[in-house]
Amino acid sequence: MVQAKIGIIGGSGLYKMEALKDVQEITLDTPFGSPSDAIITGTLDGVTVAFLARHGRTHHLTPTEVPFRANIHAMKQLGVEYIISASAVGSLKEEVKPLDLVVPDQFIDRTKNRISTFFGEGIVGHVAFGDPVCLELAKVLADAVESLNLTDVDLHRGGTYICMEGPAFSTKAESNLYRSWGASIIGMTNLTEAKLAREAEIAYATLALVTDYDCWHPEHDQVTVEMVIGNLHKNATNAQKVIQETVHRISDRPFVSTAHSALKYAIITPLEKAPTETKEKLSLFLQKYL
Ligand SMILES: CSC[C@H]1O[C@H](OP(=O)(O)O)[C@H](O)[C@@H]1O
Ligand SMILES: Nc1ncnc2[nH]cnc12
């Protein structure tokens with residue numbers, strides 16, 4: 001099977017990477033079910049990457065239905081060590097304008113209906129998540145954005161991403177509450193993914209593509225899918241340029257992230273006493289500690 005150190009998870013509006021060459025479609029199974037879609041491997045400027053459309057290439061999965069565990073497991077099977085996530089978000093701040101790019105460094109969890117851990121069934125682990133994205137990868141991503149000098153696009157380094165359950169957008173009261181918390185952007189997917197990536201010891205960072213002002217803004221007080229997709233199409237070209245530049249930078253200067261050893265002090269259950277079936281289910285993550 002093709003191996004790729006860099007994985008790309010594309011969200012709403014980013015269902016493929018146009019610049020990929022030597023493309024192969026790989027259908028994988030995992031102990032956590034099937035991923036959202038086939039994984040597309042290929043090369044970007046000679047570097048092998050693995051691309052997955054988070055909601056499926058036909059966008060048929062709601063945020064709640066996205067098989068986050070299977071997606072991360074599949075990336076790990078391919079040898080992925082760094083994940084670049086591209087995601088559509090609403091803005092919670094006036095200065096974060098539609099079409100801007102944000103590289104968040106914090107998340108707040110407002111999800112209610114999803115499993116966001118690989119642990120359980122006899123093996124307990126608690127990974128550190130104080131810095132939920134890999135700060136080094138986030139810097140590479142933000143530096144890549146800056147180097148491209150994209151017209152009419154401001155870059156925001158850092159900021160808090162509210163991860164809500166969806167699929168309905170927020171109420172105005174919720175949106176204003178999140179603003180009062182100082183959060184910058186809102187979406188429905190990235191915290192879950194970041195947590196699982198951390199448990200899988202994969203460095204993870206988000207390129208957030210601002211599509212709307214959510215519903216708090218007096219002059220733009222309804223967010224619609226039409227608005228989101230319209231802006232995302234405009235953003236998709238920029239997103240692909242940024243991803244390509246980031247891939248180039250990672251392959252030029254691969255680095256060791258603290259995420260790569262996140263499980264070292266996280267597992268509390270003595271593995272020799274843990275159920276064999278669970279050890280097998282988690283073997284891809286645990287093998288180096290067994
Ligand atoms: C189509 S608007 C809401 C939808 O867009 C974002 O998706 P993703 O994070 O995968 O880009 C948001 O999280 C919602 O799933
Ligand atoms: N306003 C919004 N709320 C949640 N997720 C989004 N994705 C894009 N815009 C969004």
Side-chain angles (χ1 to χ4, degrees), residues 7-17 35-37 51-68 71-72 83-94 96-104 107-114 116 132-133 159-179 181 183-197 204-217 219-236 238-240 242-243:
I8 300 158
I9 302 185
S12 301
L14 193 66
Y15 306 111
K16 64 188 282 205
M17 289 287 298
S36 299
D37 208 327
F51 175 86
L52 174 63
R54 178 181 293 120
H55 303 274
R57 281 171 287 180
T58 54
H59 205 130
H60 62 281
L61 297 165
T62 69
T64 309
E65 289 169 337
V66 170
F68 291 101
N71 291 352
I72 297 297
I83 290 178
I84 306 165
S85 155
S87 261
V89 295
S91 165
L92 297 169
K93 288 184 188 275
E94 184 81 50
V96 179
K97 309 175 303 302
L99 303 184
D100 280 359
L101 299 177
V102 184
V103 180
F107 291 107
I108 292 177
D109 193 357
R110 290 278 300 160
T111 65
K112 308 171 195 315
N113 201 9
R114 44 184 101 165
S116 57
V133 299
T160 298
Y161 173 124
I162 300 276
C163 190
M164 58 177 289
E165 185 65 49
F169 293 114
S170 305
T171 65
K172 285 183 184 162
E174 288 164 336
S175 200
N176 281 313
L177 177 67
Y178 305 146
R179 276 168 52 70
W181 292 348
S184 296
I185 49 177
I186 182 160
M188 306 180 188
T189 57
N190 272 230
L191 174 132
T192 315
E193 215 164 73
K195 222 176 234 181
L196 292 164
Y204 181 96
T206 297
L207 176 66
L209 307 143
V210 181
T211 51
D212 54 83
Y213 272 118
D214 200 35
C215 59
W216 61 270
H217 197 294
E219 284 149 41
H220 313 263
D221 66 351
Q222 283 306 333
V223 47
T224 64
V225 166
E226 197 183 2
M227 185 189 286
V228 171
I229 296 295
N231 279 338
L232 250 194
H233 282 149
K234 292 185 202 153
N235 255 339
N238 285 341
Q240 292 182 70
V242 172
I243 291 169

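Atoms within each ligand, like the ligands themselves, are counted from 1 in listed order.
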With heavy-atom distances below 4.0 Å as the criterion, list the atoms of ligand 2 near [X].
X	answer
Thr211	8 (C), 9 (N)
Met188	4 (C), 5 (N)
Asp214	1 (N), 2 (C), 3 (N)

Nearest-0.5 Å distance, [atom1] of residue [X] to [atom2] of residue [Y]:
X	Y	atom1	atom2	result
Lys234	Asn231	NZ	CG	5.0 Å
Ser85	Tyr204	OG	OH	3.5 Å
Asp212	Asp214	CG	CG	6.0 Å
Glu165	Asn113	CD	CG	5.0 Å
His217	Ser91	NE2	OG	8.0 Å
Ile243	Met17	CD1	CE	4.5 Å

Check: Is a side-chain donor or acceptor of Asn235 paired with a backbone partner of Thr211 at a separation under 3.5 angstrom?
Finding: no
Between the main-chain N or O of Asn176 and the side-chain N or O of Tyr178, is there a donor-acceptor pair closer than 3.5 Å? no
Which residue owns the protein heavy atom closest to [atom], what's the atom, and how far is it?
atom	result
atom 3 (C) of ligand 1	Phe169 CE2, 4.0 Å
atom 10 (O) of ligand 1	His55 NE2, 2.5 Å
atom 6 (C) of ligand 2	Ile186 O, 3.7 Å
atom 7 (N) of ligand 2	Ala88 O, 3.3 Å
atom 9 (N) of ligand 2	Asp212 OD2, 2.7 Å
atom 7 (O) of ligand 1	Ser12 OG, 2.9 Å
atom 8 (P) of ligand 1	Arg54 NH1, 3.4 Å
atom 10 (C) of ligand 2	Gly90 N, 3.4 Å
atom 5 (N) of ligand 2	Gly187 CA, 3.4 Å

Requested in this report: Ignoring angles and geometry beyond distance, decide whether Val228 reaches within less than 3.5 Å of ligand 2 through its nitrogen or oxygen atoms.
Outcome: no
Paired with Val102, the side-chain contact (heavy atoms from CB on, under 4.5 Å) test is passed by just one of Leu209, Val96, Thr160, namely Val96
The residue among His55, Arg54, Arg57 that forms side-chain contact (heavy atoms from CB on, under 4.5 Å) with Asp37 is Arg57
Inset, instruction - Verify the distance criterion only: is there a donor paired with an acceptor across the side chains of Arg114 and Thr192 at less than 3.5 Å? - result: yes
Any chance the side chains of Ser170 and Arg110 put a donor and an acceptor closer than 3.5 Å?
no
Note: Met188, heavy atoms under 4.0 Å from ligand 1, region reported as both
Review point. For Val228, is at least one N or O under 3.5 Å away from an N or O on ligand 1?
Key: no
* **Heteroatom proximity flag, Thr189 to ligand 1, N/O under 3.5 Å** => yes
Taking only non-hydrogen atoms of Ser87 and a 4.0 Å limit, the atoms of ligand 1 in range are 8 (P), 9 (O), 11 (O)
Counting from 1 in the order shown, the ligand 1 atoms closer than 4.0 Å to a non-hydrogen atom of Gly187 are 13 (O)
Contact region, Val89 to ligand 2, non-hydrogen atoms below 4.0 Å, reads backbone
Under a heavy-atom criterion of less than 4.0 Å, does Pro63 contact ligand 1? yes
I'd like to know whether ligand 1 has Val225 as a neighbour, heavy-atom separation below 4.0 Å.
no
Should Asp109 and Lys195 count as an ion pair when the cut-off is N to O under 4.0 Å?
-> yes
